[in-house]
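Encoded as structure tokens, the structure appears first; notes follow it.
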Amino acid sequence: MRRSILACGLLLAFAGLATAAAAAAGSSSTDGIPSTSTTSLPSTTTATTTIAPADRRAETRAAARWRRHIRSFRARTRRWLTVMRGRPPAHDSRALTSRSLEGLERLARSWRHREHRAWWRANHPPELHGWICIHQYEGSWTDSGGPYWGGLQMDYSFQATYGSWLLRHKGTADHWSPLEQIWVAVRAWRVRGFSPWPSTARYCGMA
């Protein structure tokens, strides 16, 4: 009986030693993992630092391109509004430097739509066909023989009243574009109708 008890004790002792050895082996293999993961981190960090500057340069170029588009759309919108109003509108001096890339893109699209609307309105003044007809009876758009100037034969007082900014900055009506001359006539027409062109407006069925 004593011998069997002693044999069981020895077997349990050997089993404990085997379990301890297995645990030591597992611990040593786990110790190797951090060294592997730490060696992979620098490569990821290096890749990020090489890509980021290129992305920033691309974003800077894109932002500059959108700012150029915005300034161009603004300038063309301003030009068409000047044609219709006979004087430049207030200058839009809002800064573009603080906007995000997405904000610049949205603003460029907005100004493109504004420019298109202004272009369409400027090229379709009220009673356009009537003005073209009156012009055919009145004279050349570049007629410089006073006391009447341009394609709608405006005298100096008429130009000073309805196109004063153009008269000051561009001279008499023969130096204005046909659209500018028509829009000056439109401003007079809204006040006086076609009375400044009594005969030719009647020929054209406008009076």
Side-chain angles (χ1 to χ4, degrees), residues 37 40-135 141-142 150-152 154 158-193 206:
S37 61
S40 64
L41 287 176
S43 63
T44 305
T45 306
T46 304
T48 303
T49 55
T50 55
I51 293 172
D55 288 344
R56 283 196 295 271
R57 286 194 296 271
E59 185 172 336
T60 299
R61 287 194 297 268
R65 183 173 64 252
W66 285 120
R67 289 188 187 99
R68 285 195 301 271
H69 288 322
I70 293 167
R71 293 187 186 101
S72 178
F73 292 138
R74 276 182 179 178
R76 291 202 293 269
T77 303
R78 181 180 174 85
R79 178 163 61 88
W80 292 122
L81 291 176
T82 300
V83 168
M84 289 186 284
R85 300 175 184 178
R87 65 185 185 281
H91 186 68
D92 190 341
S93 58
R94 286 176 292 179
L96 303 175
T97 53
S98 60
R99 291 182 178 268
S100 65
L101 187 59
E102 293 78 8
L104 288 170
E105 185 175 354
R106 286 194 300 271
L107 188 60
R109 288 173 178 166
S110 174
W111 273 105
R112 181 178 60 190
H113 293 317
R114 291 187 202 179
E115 189 269 336
H116 180 75
R117 287 196 302 268
W119 167 85
W120 195 94
R121 288 181 57 210
N123 283 274
H124 297 83
E127 306 292 348
L128 176 59
H129 295 296
W131 298 119
I132 296 300
C133 180
I134 291 171
H135 146 67
W141 295 113
T142 58
L152 299 174
M154 305 174 186
F158 186 99
Q159 296 172 65
T161 302
Y162 301 105
S164 58
W165 186 89
L166 291 167
L167 185 61
R168 288 196 308 272
H169 290 85
K170 300 183 75 170
T172 49
D174 53 302
H175 296 101
W176 308 348
S177 71
L179 271 177
E180 287 171 331
Q181 295 181 47
I182 289 173
W183 275 100
V184 169
V186 166
R187 285 192 287 279
W189 164 76
R190 285 171 173 162
V191 177
R192 302 166 56 183
M206 307 304 294

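Between Ile70 and Leu104, the closest heavy-atom pair is CD1-O, 3.6 Å. Minimum heavy-atom separation, Ala185 to Leu152: CB-CD1, 3.6 Å. The two residues Ala188 and Phe158 come nearest to each other via the heavy atoms CB-CZ, 3.3 Å. Nearest heavy atoms, Ala173 versus Gln181: O-NE2, 3.1 Å. Counting all heavy atoms, side chain and backbone alike, Ala63 lies closest to Leu101 at N-CD1, 3.6 Å. Closest approach of Trp183 to Ala122, counting heavy atoms only: NE1-O, 2.9 Å.
In this structure, CD on Gln159 lies 11.0 Å from OG on Ser164, to the nearest 0.5 angstrom. The CG atom of Leu81 sits 4.5 Å away from atom CE of Met84, with the distance rounded to the nearest 0.5 Å. Atom NE2 of His116 is separated from atom CZ of Arg76 by 12.0 Å, given to the nearest 0.5 angstrom. Within the model, atoms OG1 of Thr172 and CG of Leu166 stand 11.0 Å from one another, a figure rounded to the nearest 0.5 Å.
The environment of Arg121 atom CZ is sparse: at most 12 non-hydrogen atoms of other residues, nucleotides or ligands sit within 6.0 angstrom.
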Original post:
Given Leu179 and Trp80, is the side-chain contact (heavy atoms from CB on, under 4.5 Å) satisfied, shown in steps?
Top reply: CA-CA 10 Å; Leu179 271 177; Trp80 292 122; 4.2 Å; yes
Subject >> Step-by-step ring-ring contact (aromatic ring centres under 6.0 Å, His included) determination, His124 to Trp120 >> reply: CA-CA 6 Å; His124 297 83; Trp120 195 94; 4.0 Å; yes
Original post:
Run the side-chain contact (heavy atoms from CB on, under 4.5 Å) check on Met154 and Val184 step by step: do they pass?
Top reply: CA-CA 10 Å; Met154 305 174 186; Val184 169; 4.0 Å; yes
**OP:** Begin with the C-alpha distance, continue with both residues' side-chain angles, and end with the deciding distance and a verdict on side-chain contact (heavy atoms from CB on, under 4.5 Å) for Trp66 and Leu107.
**Re:** CA-CA 9 Å; Trp66 285 120; Leu107 188 60; over 6 Å; no
**OP:** Evaluate the criterion side-chain contact (heavy atoms from CB on, under 4.5 Å) for residue pair Glu180 and Lys170; output intermediate values, then yes/no.
**Re:** CA-CA 11 Å; Glu180 287 171 331; Lys170 300 183 75 170; 2.9 Å; yes
**OP:** Would you sort out whether Arg68 and Ser72 count as a side-chain hydrogen bond (donor to acceptor under 3.5 Å, both in side chains), showing the intermediate values?
**Re:** CA-CA 6 Å; Arg68 285 195 301 271; Ser72 178; over 6 Å; no
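Below 30°, between 30° and 60°, or above 60°: for Trp189 and Trp131 the angle between ring planes is above 60°, a perpendicular geometry.
The closest side-chain heavy-atom distance from Val83 to Trp119 is not below 4.5 Å. Counting heavy atoms from C-beta on, the side chains of Pro53 and Arg57 come closer than 4.5 Å. Looking at heavy atoms from C-beta onward, Pro126 lies in side-chain contact with Arg190 at the 4.5 angstrom threshold. Between Cys133 and Met206 there is no side-chain heavy-atom pair separated by less than 4.5 Å.
With salt bridges taken as basic N to acidic carboxylate O contacts below 4.0 Å, none links Glu102 and Arg106. Look at Arg74 and Glu115 and you find no salt bridge, because none of the NZ, NE, NH1 or NH2 atoms lies under 4.0 Å from a carboxylate O.
For the pair Arg114 and Trp111, the cation-pi test (distance below 6.0 Å, angle within 45°) is passed.
With 3.5 Å as the limit, one finds no donor-acceptor pair spanning the side chains of Thr60 and Arg56.
Applying the salt bridge (Lys or Arg N to Asp or Glu O under 4.0 Å) test to Arg192 and every residue at least two apart in sequence or in another chain returns nothing. Under the ring pair (Phe, Tyr, Trp, His ring centres under 6.0 Å) criterion, His169 pairs with Trp165, sequence neighbours left out. Residues forming a salt bridge (Lys or Arg N to Asp or Glu O under 4.0 Å) with Glu127 (at least two apart in sequence, or on another chain): none.
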